[in-house]
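Before any comments, here is the structure.
Note that the numbering runs from 1 along the sequence shown for the chain. Whatever order the structure lists them in is the order used to number ligands and atoms, beginning at 1.
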Amino acid sequence: MVKFPQDFLWGAATSAYQVEGNNINSDWWQWEKEAGREKSGRACRHYEFYEQDFDLAKSLNHNAHRLSIEWSRIEPEEGKFSQGELKHYIDVILALRSRNIEPMVTLHHFTNPIWFSKSGGWENRRSVARFLRYCDFLTRSLAKYVHYWITINEPNVYISHAYIMGVWPPEVKSYLKAKVVQDNFISAHIKAFRLIHKIYKELNISEPSISITQNIQAFVPCIPNLKNRFAAILRDKWYNFGFLDKIMRQKTMDFVGLNYYSRQLVEARKWGIGSLAMDVCKNNHHPVKKNSLGWDIYPEGLYEILLKLKKYGLPVIITENGICTQDDFLRWEYIYNHLKNIHLAMEKGVQVTGYLYWSLMDNFEWDKGFGPRFGLIDIDYSTYKRTVRESARQFGQVCKTGVLE
Ligand code: BGC
C-alpha cells in the first residue's frame, strides 16, 4: 500500500478542440474538410454538456481538471475578441470552482485560429506578438478564477507532426521551418510567462503557477551498443529536454508539466543524423503490452524520467498520462502501475504534486479520429451518452483516499 500527500491534485485532462465540437474557426476544422479525413464535428458536445461532465468528474472525486481554451473561439478574427465566448469559458471555470475542482488552463493546445494560420502561423515572426495579445486578454479576464496556467501544450509534438513529419496542418516537412517555429514557441512562452505574472501583480492577485506541458518519452536503446546509446542520449537532449532547458535558463517555469505515455526502443541503423534521431526497433525485441495505437506500455519509464526532472528543482505535475484501449482492465493496470512508479520517484525525493489522467472522456484523437478510446468515461457517439468505466471508479477511490492498495 502506498499513500500520496493530502493536498495532491487528482483529476483528468481534456483539450477544447478534442471535446467541445463545432470549432469552425480553427485551422484543424479547415484541414479536416479535405477528402478522406475524419471530422471532429460535434466531438463530445462538451461545449453544451460541460456541467454534466464535471458532475461526473466530481462523482469520481477529482479535485483538479485541466482544460484548454480554444483561441479561435476567443479571437475568431484578428484583434476581435468575443465577449460571448469569454463568458462561456468563465462559466466553465466557475462550474469547476463550484464543484471544488481546481482548474488548470492551457492557452494553446495544437489548434490555431484560421486567420493566424493563413498569415503564416507559428512560422511568422509576428506569431509571438499575436499570441501575447490573446494571453493578455484572457489573463486579465480570468485571473480572478485561475491559478494554474499552461502556455503551450507539447511544443515538441506539434513541431514534429506539423513541421517535420508533415502529417498535421500545415503539413510542412522542413527542419529549417521547424527550428523557426521552435524559436517562436520558446519566445512566446517566455514572454507569456512574464506577462501573466505581471498582470497578476498589477491586479494584486496572489502569484499564479505557470508552465508548459512537455511530452517526454522513455528512449531506451534496443541493443545497448554505442550507436543506440548515443542516439538515445541525443533524443533525450533534443526531444525531451531541449525546450525545458531553454525556458528553465530564463527561469520561466513555476512547475514542470509532464505528459508521459510510452517508450521508444531506439535502434539506429546508421551514424547519420536522420537515423540517430528517428530509427526505432521494428523487430519487437523486448516486447511489452501495447495500447490500441501500438504504443509500448512502460510505466518504469515514468520513474526514470521523474528522476531526470529532479535537476530542475521544481514541483512536477503529471499533466497527462493515459492509455487508449477497449480493455478496461488494462486501463486500470496502466493507471495503477504508473501511480506506483510516481510514488517510487517521490520516495527518491522528486516532488510530484498532481496526477491528471488523459482523458476525462473518450474524444477526437486528432488525425486518428474517434477510434482510440482514452477516456475514463465512455462516449457513445451516436447518442452522446456518457458511461463511467470501471477503471474510472477504481481511480476515483485513489482520488478520494490518496491510497493505492
Ligand atoms: C496530447 C493530446 C492527445 C494525447 C494522446 C498528447 O500528446 O496533448 O492532445 O490526445 O497525447 O495522443
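Of the options Tyr50, Trp10, Phe54, Trp358, a ring pair (Phe, Tyr, Trp, His ring centres under 6.0 Å) to His65 is made by Phe54 and by none of the others. Remark: of the listed residues Asp362, Asp327, Asp328, Asp362 is the sole one forming a salt bridge (Lys or Arg N to Asp or Glu O under 4.0 Å) with Arg373.
Using modelled atom types, one finds no donor on one side chain facing an acceptor on the other under 3.5 Å when comparing His161 with Asp367.
One finds a salt bridge joining Asp296 and Arg263 here, because a Lys/Arg side-chain nitrogen approaches an Asp/Glu carboxylate oxygen to under 4.0 Å. With respect to the salt-bridge test (charged N to carboxylate O, under 4.0 angstrom), the residues Glu51 and Arg99 qualify. By the 4.0 Å N-to-carboxylate-O rule, Glu48 lies too far from Arg42 to be salt-bridged with it.
For atom 8 (O) of ligand 1, the nearest protein heavy atom (residue, atom name, distance) is Glu320 OE2, 2.8 Å. Atom 7 (O) of ligand 1 has as its closest protein heavy atom Glu154 OE1, 2.4 Å. When only non-hydrogen protein atoms are considered, atom 10 (O) of ligand 1 lies nearest to Glu365 OE1, 2.6 Å. Residue, atom and distance of the protein heavy atom nearest to atom 4 (C) of ligand 1 are Tyr261 OH, 3.3 Å.
Here is the list of ligand 1 atoms found below 4.0 Å of a heavy atom in Asn153: 8 (O). Contact atoms of ligand 1 toward Trp295: 12 (O) (distance under 4.0 Å to a heavy atom of the residue). Interface atoms of ligand 1 facing His109, defined by a heavy-atom separation under 4.0 Å, are 1 (C), 2 (C), 8 (O), 9 (O). In summary, the atoms of ligand 1 found under 4.0 Å from a heavy atom of Gln18, numbered by their order in the structure, are 2 (C), 3 (C), 9 (O), 10 (O).
Remark: distances from the non-hydrogen atoms of Tyr158 to ligand 1 are all 4.0 Å or more. For Lys368, the closest heavy-atom approach to ligand 1 does not fall below 4.0 Å.
A centroid separation of less than 6.0 Å is found between the aromatic rings of Phe185 and Trp122.
Under 4.0 angstrom from ligand 1, there are no non-hydrogen atoms of Tyr260. At a heavy-atom distance under 4.0 Å, no atom of Thr213 approaches ligand 1.
Sorted by first and then second residue, the side chain to side chain donor-acceptor pair (under 3.5 Å) pairs involving residues 305-325 (not counting sequence neighbours) are Arg66-Glu320, Asp236-Lys308, Asp245-Lys311, Asp245-Tyr312, Asn259-Thr319, Asn259-Glu320, Tyr261-Glu320, Asn321-Tyr334, Asn321-Tyr355.
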